[in-house]
2 protein chains.
Amino acid sequence: MTLKELSDLLGLSPTTVSRALNGYPEVSEATRKRVVAAAREHGYAPNTRARSLATGRAMAIGHVIPISAKHEMVNPVFADFIAGAGEVYSRNGYDMLLSVVPDDDEDAAYRSFLTKRNVDGIILHAPTLNDPRIPLLNTLGLPYVVHGRSSDTDAPYSWVDVNNKRAFQRATDFLLDLGHRRIALVNGLEHMDFAIRRRAGYEAALTARGIPPDPTLMYAGEMTEAQGHDLTRKLLARPDPPTALLVSSMITAIGVRRGIEELGLTMGRDVSLITHDDDLSYFRNGADIPVYTATRSSVRDAGRKAAEMLIDIMQGRDTPHHIMLEADLTLGLSTGPATRLAAGTG
Amino acid sequence: MTLKELSDLLGLSPTTVSRALNGYPEVSEATRKRVVAAAREHGYAPNTRARSLATGRAMAIGHVIPISAKHEMVNPVFADFIAGAGEVYSRNGYDMLLSVVPDDDEDAAYRSFLTKRNVDGIILHAPTLNDPRIPLLNTLGLPYVVHGRSSDTDAPYSWVDVNNKRAFQRATDFLLDLGHRRIALVNGLEHMDFAIRRRAGYEAALTARGIPPDPTLMYAGEMTEAQGHDLTRKLLARPDPPTALLVSSMITAIGVRRGIEELGLTMGRDVSLITHDDDLSYFRNGADIPVYTATRSSVRDAGRKAAEMLIDIMQGRDTPHHIMLEADLTLGLSTGPATRLAAGTG
DNA sequence: CCGCTTTTCCAAAGCGCTTTGAATATCCCA
DNA sequence: TGGGATATTCAAAGCGCTTTGGAAAAGCGG
């Protein structure tokens with residue numbers, strides 16, 4: 001069913017039917033009712049392609065999902081972020097276009113969004129230090145919002161981010177308060193902006209207490225379960241093992257825990273652990289006390305906020321273009337005073 | 001840059017330029033070269049919306065991501081499935097359109113794909129017993145492929161699925177061979193088709209050895225970490241605890257393991273565990289012996305296969321429209337003979 | 001009842017591409 | 001050298017919608 005068919009059916013011109021459906025004032029309320037009813041009855045909806053050709057707007061928002069070319073790894077937080085964003089898109093009549101590309105030719109994906117004109121805006125994921133995609137998007141001229149920030153970047157851009165530095169500073173402080181002095185950092189890849197900020201928070205907390213950060217206690221890499229495990233085994237095998245670990249991902253934390261328990265140690269007693277928790281639906285803590293003490297911030301909520309911001313920008317609304325989310329520090333069972341392990345080994 | 005501008009630039013008609021770029025034979029090789037070079041130089045790519053309006057093909061494939069309205073849960077395997085499918089789409093010039101909707105009005109999303117004509121085909125996720133979406137899609141007339149199957153459905157449809165029944169039958173058999181007799185099944189929601197088939201495999205293996213399936217050992221629910229944990233605690237607190245658990249998801253298995261170890265028991269010695277492993281990138285086992293004995297089948301690979309099948313169908317190629325993937329049974333550290341626990345409790 | 005404004009509707013152009021049908025240029029061989 | 005076949009190119013229509021500019025209908029005060 002096309003607009004023409006529907007208008008023939010109603011004995012009206014396509015113009016009138018179009019206006020009636022799009023809520024223009026130049027059509028009487030009576031005919032509008034009639035048109036809307038007929039459209040519903042015959043299941044008419046305008047052909048997206050024709051409409052967006054005529055209007056110049058694609059009514060779609062693009063996401064580029066980079067796949068680590070080396071490790072074929074897909075970031076597990078994407079699913080929840082996209083769930084949040086998608087919710088907002090649906091409510092506002094936008095489609096979500098996903099482009100899955102190896103992370104070494106992401107640029108092409110953005111350019112193609114522009115040349116093919118199939119999206120009106122873009123969400124940029126997983127920004128790195130001085131991310132080259134930001135100047136690229138600025139030259140392309142497509143509205144976009146970054147999920148995260150990019151340190152050392154001059155160019156202006158809109159973003160939604162968690163206060164990663166403060167979160168990890170607070171977490172480290174908390175561990176220090178518990179008496180821990182050797183605290184390991186198990187972080188994401190070091191060119192990732194969130195990892196940089198988390199490290200900054202961690203180092204700031206240590207330095208504030210006069211403890212020089214120990215590079216051998218700091219790890220940066222892919223956040224898989226296996227990495228968490230292997231690394232923990234290595235760290236705890238040292239003559240001077242850390243008494244606490246600060247971890248950047250729930251999935252890595254699970255591996256860390258496995259490593260701890262394989263050694264017959266108990267998390268929260270022998271070794272403390274704080275993890276960042278993106279509040280992924282399938283890892284959500286039950287009603288009782290959380291297993292992991294965590295810096296928690298819902299990535300799904302970030303998705304919603306980023307989507308809303310982007311839509312605002314595309315509609316020219318002059319909203320604040322930065323949203324800083326504060327992570328909760330939620331107390332769980334994985335942390336405890338450092339004394340016991342210190343006593344055990346000392 | 002539009003086609004017209006490019007053709008003016010070249011002193012050719014839009015027709016010729018279009019044909020040159022689309023590889024039609026009615027254009028001399030010399031001009032084709034010239035056109036292609038100019039297009040590349042000026043960064044010309046046809047406007048998707050105009051092109052698909054003219055051709056009638058959207059060059060996009062739709063996925064509906066249902067969010068459990070009750071639990072706000074997003075299926076963690078989606079990310080990897082989509083990564084696999086997206087890879088194939090990119091290679092073939094298709095876009096991926098995602099529609100995130102609460103799972104109680106999914107139908108509307110499919111209908112809207114049709115009326116808005118913004119996709120050429122659909123991938124159907126997470127089919128249930130006698131899934132109503134299959135007849136719906138058959139009436140809509142859009143090509144589609146189901147990731148999974150739908151038991152008790154008469155209507156024909158194309159699918160890519162894992163042989164869930166055989167996988168769980170083999171896994172159960174393996175546990176039986178190890179001497180286990182009380183084997184718990186921790187399954188997904190019972191209206192999900194994969195859960196039904198896995199249970200069928202589990203029951204078939206038991207029955208074949210004359211062991212009547214015990215309904216109190218069979219659980220069906222959301223596959224979260226917390227559920228796995230809570231359930232395990234309950235099961236192991238029974239006077240007649242199971243000596244082994246067969247679990248439908250890696251994430252649940254992690255919770256199960258937590259439950260086991262909280263009781264001071266050791267997985268693989270005191271309690272055995274086999275899980276289904278979708279080979280998600282961030283849970284991938286390292287090079288050494290896997291932690292979990294598992295029925296393993298890459299969901300990313302399933303995504304690739306489903307995408308290829310759908311594209312074949314859309315192009316009218318008469319390929320086989322069913323692909324049954326066999327899961328590996330990979331031996332890990334989480335399984336062992338039943339004797340010890342039996343000795344301990346008996 | 002007339003001339004004016006306001007309301008309501010419509011014809012036609014145009015968005016940027018593909019594709020049909022026709023026109024022109026080129027070729028080959030008698 | 002001419003005429004038919006073949007290789008190139010092009011003009012124009014059309015995909016289904018929105019939107020400009022205008023026409024017809026209705027309302028209104030004098």
Side-chain angles (χ1 to χ4, degrees), chain A residues 1-36 38-39 42-60 93-95 112-120 315, chain B residues 1-36 38-39 42-60 93-95 112-120 315:
Chain A
M1 163 119 327
T2 69
L3 181 65
K4 176 127 190 20
E5 285 165 17
L6 185 65
S7 61
D8 284 353
L9 215 85
L10 285 160
L12 289 168
S13 77
T15 309
T16 306
V17 175
S18 171
R19 305 207 119 141
L21 292 173
N22 290 319
Y24 282 75
E26 305 94 328
V27 57
S28 76
E29 211 42 52
T31 49
R32 186 193 307 283
K33 283 241 171 63
R34 204 157 64 89
V35 168
V36 169
H42 295 88
Y44 170 80
N47 180 320
T48 317
R49 314 194 289 251
R51 164 187 277 224
S52 64
L53 180 58
T55 59
R57 286 170 302 133
M59 292 309 283
Y94 283 90
D95 289 326
S112 129
F113 275 153
L114 183 74
T115 54
K116 291 168 67 183
R117 310 228 148 245
N118 51 0
V119 304
D120 302 320
Q315 298 181 344
Chain B
M1 161 114 334
T2 69
L3 181 67
K4 177 131 189 17
E5 285 165 19
L6 185 65
S7 60
D8 285 353
L9 214 87
L10 285 160
L12 288 169
S13 77
T15 309
T16 306
V17 176
S18 170
R19 306 209 118 140
L21 292 174
N22 290 318
Y24 282 73
E26 306 93 327
V27 58
S28 75
E29 213 42 52
T31 50
R32 185 194 309 282
K33 283 242 172 59
R34 205 158 65 89
V35 169
V36 169
H42 296 88
Y44 170 80
N47 180 319
T48 317
R49 314 195 287 253
R51 164 187 278 224
S52 64
L53 180 59
T55 59
R57 285 170 302 132
M59 291 311 281
Y94 283 90
D95 289 326
S112 128
F113 275 153
L114 182 75
T115 55
K116 291 168 67 185
R117 311 229 145 243
N118 52 0
V119 305
D120 301 320
Q315 297 182 343

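So you know, we letter chains A, B, ... as the sequences are listed, proteins then strands, and number each from 1. Keep in mind that this is a model prediction, so the values were computed, not measured. The analysis underlying the following values was restricted to heavy atoms, covering all of them including side chains, and did not include hydrogens, waters or symmetry mates.
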What integer distance in Å separates [X]:[atom1] from [N]:[atom2]?
| X | N | atom1 | atom2 | result |
| --- | --- | --- | --- | --- |
| A:K4 | D:dA13 | NZ | P | 17 Å |
| B:E5 | C:dC15 | CD | C1' | 13 Å |
| B:R34 | D:dT8 | CZ | P | 14 Å |
| A:L3 | D:dT18 | CG | P | 6 Å |
| B:K116 | D:dC17 | NZ | C1' | 14 Å |
| B:L21 | C:dG16 | CG | P | 17 Å |

Distance below 4.0 Å between [X] side-chain N/O and [N] OP1 or OP2:
| X | N | value |
| --- | --- | --- |
| B:T15 | D:dT9 | no |
| B:R51 | C:dT18 | yes |
| B:Y24 | C:dT19 | yes |
| B:N47 | C:dC15 | no |

Original post:
Which listed nucleotide (C:dT18, D:dG16, D:dT19) is nearest to the side chain of A:S18?
Top reply: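 Selected nucleotide: D:dT19.
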So, taking the atom named [atom1] in [X] and the one named [atom2] in [Y], what distance separates them when rounded to the nearest 0.5 Å?
| X | Y | atom1 | atom2 | answer |
| --- | --- | --- | --- | --- |
| A:N22 | A:R32 | CG | CZ | 9.5 Å |
| A:E26 | A:R19 | CD | CZ | 4.0 Å |
| B:T31 | B:L10 | OG1 | CG | 9.5 Å |
| B:L53 | B:R117 | CG | CZ | 12.0 Å |

Subject >> DNA chain C: 5'-proximal contact among B:R57 and B:L53 (nearest heavy atom) >> reply: B:L53
With a 4.5 Å limit on heavy-atom distance, are the side chains of [X] and [Y] in contact?
| X | Y | result |
| --- | --- | --- |
| B:N47 | B:T2 | no |
| B:D8 | B:K4 | yes |
| A:N118 | B:M59 | no |

Would you list the protein and nucleotides 5-9 of chain C atom pairs, both N or O, that sit under 3.5 Å from each other?
residue	atom	partner	partner atom	Å
C:dC9	OP2	A:S28	N	3.2
C:dC9	OP2	A:T31	OG1	3.0

**OP:** Take the C1' atoms of the five end pairs on each side of the helix from C:dC1-D:dG30 to C:dA30-D:dT1, get both axes, and report the angle to 10 degrees.
**Re:**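 Computed from the C1' atoms at both ends, the axes differ by 50°.
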Original post:
What is the minimum heavy-atom distance between B:A39 and B:L21, and which atoms define it?
Top reply: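 Looks like CB-CD2, 3.9 Å.
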Original post:
Which one of B:V17, B:L6, B:V36, B:L9 satisfies the side chain to side chain contact (heavy atoms under 4.5 Å, CB included) criterion with B:Y44?
Top reply: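 With B:Y44 as partner, side chain to side chain contact (heavy atoms under 4.5 Å, CB included) holds for just one option, B:L6.
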